[in-house]
Amino acid sequence: QVQLVESGGGLVQPGGSLRLSCAASGFTLDFAAVAWFRQAPGKEREGVSCISSNSGSTYGIYYEDSVKGRFTISRDNAKNTVYLQMNSLRPEDTAVYSCASANTERCRGYEDHHYHYWGQGTQVTVSS
């Protein structure tokens, strides 16, 4: 069965950290760009970060402006998993975070047509 499963969400105080995981099963992420998205209540889904398939450093990695310097995306192809390390969390980061695998090796944006598999999402709540 092909699926992406996110984990690692939860409740954290402002300034805290969480690490989200996006684990794939039934297919390999080796040749796919993977992106994280989030959707806050009453808002549209937005792309947060994307990592290309063979990124070994900062090349092929992208961040939405509001998370630059706070979030870090990485991948472990041996575990077929992509991570999103989130530091210095703010209340405005509260959202359901989901991951998606692209039908390309390179990140080409966050439009839906670039992605073919989606996870169900994990809730991140930043509140004191």
Side-chain angles (χ1 to χ4, degrees):
Q1 182 180 3
V2 171
Q3 61 178 352
L4 287 172
V5 178
E6 302 93 339
S7 62
L11 173 64
V12 64
Q13 292 187 342
S17 298
L18 286 172
R19 189 177 81 153
L20 305 183
S21 298
C22 171
S25 60
F27 73 107
T28 179
L29 291 175
D30 286 6
F31 306 107
V34 177
W36 283 97
F37 296 79
R38 66 185 179 185
Q39 187 166 19
K43 295 187 177 181
E44 292 188 354
R45 185 175 62 204
E46 64 173 349
V48 174
S49 180
C50 186
I51 184 168
S52 297
S53 64
N54 60 351
S55 175
S57 60
T58 58
Y59 183 69
I61 292 178
Y62 305 90
Y63 297 100
E64 188 265 334
D65 285 348
S66 69
V67 307
K68 284 181 180 177
R70 300 188 298 123
F71 290 11
T72 303
I73 192 171
S74 62
R75 63 192 302 151
D76 185 338
N77 286 348
K79 295 183 177 180
N80 216 20
T81 299
V82 171
Y83 304 98
L84 186 67
Q85 177 67 43
M86 307 187 296
N87 298 329
S88 302
L89 283 162
R90 305 167 180 168
E92 54 265 38
D93 294 318
T94 295
V96 175
Y97 285 71
S98 57
C99 61
S101 62
N103 50 32
T104 59
E105 293 190 42
R106 308 295 304 178
C107 295
R108 300 195 182 279
Y110 297 112
E111 294 81 5
D112 284 1
H113 67 268
H114 291 306
Y115 300 92
H116 52 183
Y117 297 128
W118 293 80
Q120 292 299 309
T122 184
Q123 176 70 46
V124 171
T125 302
V126 185
S127 174
S128 55

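Predicted, not measured: the structure shown is a model, and the values here were computed from it. All heavy atoms count here, side chains included; hydrogens, waters and symmetry mates do not.
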- Message: side chain to side chain donor-acceptor pair (under 3.5 Å), that's the test. Do Glu105 and Ser53 meet it? Break it down for me.
- Response: CA-CA 5 Å; Glu105 293 190 42; Ser53 64; 3.2 Å; yes
- Begin with the C-alpha distance, continue with both residues' side-chain angles, and end with the deciding distance and a verdict on side chain to side chain contact (heavy atoms under 4.5 Å, CB included) for Arg45 and Tyr110. CA-CA 10 Å; Arg45 185 175 62 204; Tyr110 297 112; over 6 Å; no
- Message: Run Ser98 and Gln120 through side chain to side chain contact (heavy atoms under 4.5 Å, CB included) and show every step you take.
- Response: CA-CA 6 Å; Ser98 57; Gln120 292 299 309; over 6 Å; no
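Ala95 and Ala40 make their closest contact through CB-N, 3.8 Å (heavy atoms, listed as atom of the first residue, atom of the second, distance). Taking all atoms of both residues into account, the shortest heavy-atom contact from Ala33 to Cys50 is CB-SG, 4.2 Å. Summarising the geometry of Arg106 relative to Ser52, their closest heavy-atom pair is CA-OG, 3.6 Å, with the distance given to 0.1 Å. Between Glu46 and Arg38, the closest heavy-atom pair is OE2-NE, 2.6 Å.
The main-chain N or O of Phe27 is found under 3.5 Å from a side-chain atom of Asn80 such that the two form a donor-acceptor pair. Remark: side-chain polar atoms of Tyr62 are not paired, donor with acceptor, to backbone N or O of Gly109 under 3.5 angstrom. Looking at Glu64, its side chain does come within 3.5 Å of a backbone N or O of Ser66 through a donor-acceptor pair. Listed for the Asp76 side chain is no donor-acceptor partner under 3.5 Å among the backbone atoms of Thr81.
Rounding to the nearest 0.5 Å places CG of Asn103 at 9.5 Å from CZ of Arg108. The CZ atom of Phe37 lies 10.5 Å from the OG atom of Ser49; values are rounded to the nearest 0.5 Å. Separation of atoms OG (Ser128) and CG (Leu11) is listed at 9.5 Å; rounding is to 0.5 Å. In this structure, the separation between OG1 on Thr122 and CG on Leu84 is 11.0 Å, given to the nearest 0.5 Å. Note that CD1 of Ile51 and SG of Cys99 are 12.5 Å apart. Values are rounded to the nearest 0.5 Å. Atom-to-atom distance recorded for Leu20:CG and Met86:CE is 3.5 Å, nearest 0.5 angstrom.
Here the side chains of Ser17 and Gln85 are in contact, with some heavy-atom distance below 4.5 Å. Contact annotation: the side chain of Asp112 approaches that of Trp118 to within less than 4.5 Å [non-hydrogen atoms, C-beta and beyond]. Residues Val34 and Tyr115 have side chains not in contact (no heavy-atom distance under 4.5 Å, counting atoms from C-beta outward). Side-chain atoms of Cys22 and Tyr97, non-hydrogen and from C-beta on, never get closer than 4.5 Å to each other.
With hydrophobic clusters built from ILVMFWY side chains whose heavy atoms lie under 4.5 angstrom apart, Val2 does not share a cluster with Phe31. In this structure, Leu4 is not a member of the same hydrophobic cluster as Tyr83, with clusters built from ILVMFWY side-chain heavy atoms closer than 4.5 Å. In the hydrophobic clustering of ILVMFWY residues, with side-chain heavy atoms under 4.5 Å counting as a link, Val48 and Val96 come out apart. Hydrophobic clustering of Ile, Leu, Val, Met, Phe, Trp and Tyr side chains at less than 4.5 Å, counting indirect connections, unites Ile61 with Phe71.
Tested against Ser101 for a side-chain contact (heavy atoms from CB on, under 4.5 Å), the candidates Thr28, Val82, Leu29 yield a single pass: Leu29.
Ion pairing of Asp65 with Lys68 is present here, as a side-chain N (NZ or NE/NH1/NH2) and a carboxylate O approach within less than 4.0 Å.
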